[in-house]
Protein chains: 2
Amino acid sequence: MTGQGNTAVGRPRSFDTDEALHQAMLVFWKQGYEGASLTDLTGAMGITKTSMYAAFGNKEQLFRKALERYTDGPAAYGLRALEEPTARAVAAAFLNGSVRTTTQPDCPAGCLGVQGALAAGEAGTPAHEVLAEWRNVAGRRLEERFRRAAEEGDLPPGASARRLALYVMTVAFGIAVQAAGGIGRADLQEVADAAMDAWPA
Amino acid sequence: MTGQGNTAVGRPRSFDTDEALHQAMLVFWKQGYEGASLTDLTGAMGITKTSMYAAFGNKEQLFRKALERYTDGPAAYGLRALEEPTARAVAAAFLNGSVRTTTQPDCPAGCLGVQGALAAGEAGTPAHEVLAEWRNVAGRRLEERFRRAAEEGDLPPGASARRLALYVMTVAFGIAVQAAGGIGRADLQEVADAAMDAWPA
DNA sequence: CGAGTTCAGTACCGAACGGTACTTAACTCT
DNA sequence: AGAGTTAAGTACCGTTCGGTACTGAACTCG
């Protein structure tokens, strides 16, 4: 029950935790969980190891917080897309957002949720599982949105919400892989457009 | 100019290099380049570090050879697909092959070419670049095949071979990501089928 | 001004990393 | 049998890994 009021007692923190977390996110994004050493992380964050442990716990918890920040920041297009008026617009907005975020000039190429720990050794297993769940949650959100669209008559009777959600997520993940390999934004936007040709009705 | 005839001089190798390379491939496939330690690798290969260095050079060269083996083995569906008679059949065979290989029960889930080093620190950069090139080569092969199809009148006049190749590769990579996250074969086959709905004409 | 509390920095921990020198074992050829 | 050649095994190299005691410094409150 440690009070979290703004009455500061003790020596005040000399760095901005938000900015430090942002830098850590960028390192994880570029190098992956196992490829990012504490030296890489704290170097980019501009703090020492002790400060990082005091502020964030350990490497794994730092990664989880960096992923939350990624979700609310660069990956926010995911939730925004769900608010589009039609299922088709939702799918297009999701794919377009993934193209834009995975090819942002001032950020690492690709998607943290995909390349953060797609394969991992023993040390990276927790991160691997966290990211797999992160991707599945996104897919479930999309599926629920499409199910609602089906109930509203926004999708043809035969369409499967689950199948459509899986398809859109799969194309988005593929876009992330291509971006990580250096494929440019214009090419990937064409891919996103081509993917929408498979949309029903 | 060391002769490579079958006249064996010196102590004969006591392990099967092909089998050892196969085991190394499986470890890289499951754990990625940086996540696979020499202890993990040599443990699975059933040999000591010295034997591994004598037979394969170092970790990076072992990875390159494991990737070649992956190309000729689990990923051989890629070249086979190019031999299909029509562009549509090529695309379908490629996607179906990716579904089968990334969800093989007795192999790691996903694709070595995708998850081997999608993001990497400094130590994993060579592997990262090797895999990016590996994916691009596959895409170029597909693009050439589709260009030939266009010349043969096997594709509508407006179709872009490059765009179609990029689309098929992107879906295949997305399937690999989904498989790495535990999505099953039946679901992914539905995705592959759905992706073909975008095929022109 | 202490007393209490929290943060920063140095210096260090044991373990694991990729890689190698050196000895011993197993083979072919003369 | 002995020389020459190559592989296997042990034991070790320096470095880096994630993580932590411990010492001072900076702040609020009484």
Side-chain angles (χ1 to χ4, degrees), chain A residues 1-21 23-24 27-28 31-66 117 120-128, chain B residues 1-21 24 27-28 31-66 117 120-127:
Chain A
M1 291 291 178
T2 54
Q4 52 181 354
N6 28 5
T7 60
V9 60
R11 177 172 175 173
R13 187 166 277 140
S14 67
F15 63 94
D16 183 344
T17 54
D18 263 23
E19 175 59 24
L21 188 55
Q23 295 301 326
V27 174
F28 280 131
Q31 308 191 6
Y33 180 78
E34 284 181 321
S37 72
L38 283 185
T39 305
D40 295 331
L41 290 162
T42 54
M45 297 164 88
I47 61 177
T48 60
K49 266 187 271 190
T50 46
S51 296
M52 180 266 154
Y53 275 92
F56 300 101
N58 61 13
K59 188 185 177 183
E60 186 184 329
Q61 290 176 35
L62 176 64
F63 181 75
R64 296 180 124 97
K65 281 170 182 153
E122 196 182 342
T125 303
H128 175 81
Chain B
M1 290 290 179
T2 54
Q4 53 180 352
N6 28 5
T7 59
V9 58
R11 178 172 174 173
R13 186 165 278 139
S14 68
F15 64 94
D16 183 343
T17 54
D18 264 23
E19 175 59 22
L21 189 55
V27 174
F28 280 130
Q31 308 190 6
Y33 180 77
E34 284 181 322
S37 72
L38 283 186
T39 305
D40 294 331
L41 290 163
T42 54
M45 296 164 88
I47 62 178
T48 60
K49 267 188 271 190
T50 46
S51 296
M52 181 265 154
Y53 275 91
F56 300 101
N58 60 13
K59 188 186 178 183
E60 186 184 329
Q61 290 176 34
L62 175 63
F63 180 75
R64 296 180 124 96
K65 282 171 182 152
E122 197 182 341
T125 303

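By convention in this document, chain letters (A, B, ...) are assigned in the order of the sequence lines, proteins followed by strands, and residues within each chain are numbered from 1. Small disclaimer: the values here were computed from a predicted structure and weren't measured.
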For the side chain of Arg11(B), counting heavy atoms from C-beta on, which of dC27(C), dA8(D), dC17(D) is nearest?
dA8(D)

Quick check: on DNA chain C, is the nucleotide nearest Pro12(B) upstream (toward 5') of the one nearest Gly10(A), or the reverse? Name the residue that is more 5'.
Gly10(A)

From the options dG18(C), dC17(D), dA21(D), select the nucleotide whose nearest atom is closest to the side chain of Ser37(B).
dG18(C)

Rounded to the nearest Å, what distance is computed from the NZ atom of residue Lys59(A) to the C1' atom of nucleotide dG18(D)?
8 Å

Over-ring placement of Lys59(B) relative to Tyr33(B), 6.0 Å and 45° cut-offs
yes

Could you check whether the side chain of Arg13(B) and the base of dA7(D) have a donor-acceptor pair of N or O atoms closer than 3.5 Å, going by distance alone?
no

Side chain of Thr48(A): nearest nucleotide among dT10(C), dA26(C), dC7(C)?
dT10(C)

It should be established whether Ser14(A) places a side-chain nitrogen or oxygen under 4.0 Å from OP1 or OP2 of nucleotide dA8(C).
yes

Residue pair Thr50(A)/Ala36(A) against DNA chain D: nearer the 5' end by closest nucleotide is Ala36(A)

If we ignore hydrogens and angles and just use 3.5 Å, is the side chain of Glu34(B) paired with the main-chain N or O of Gly121(B) as donor and acceptor?
yes

Can you tell me if Ser51(A) touches the phosphate of dA8(C), counting only side-chain N or O atoms and a distance under 4.0 Å to OP1 or OP2?
yes

Answer with yes or no whether Lys49(B) presents, from its side chain, a donor or acceptor under 3.5 Å of a partner atom in the base of dG19(C).
yes

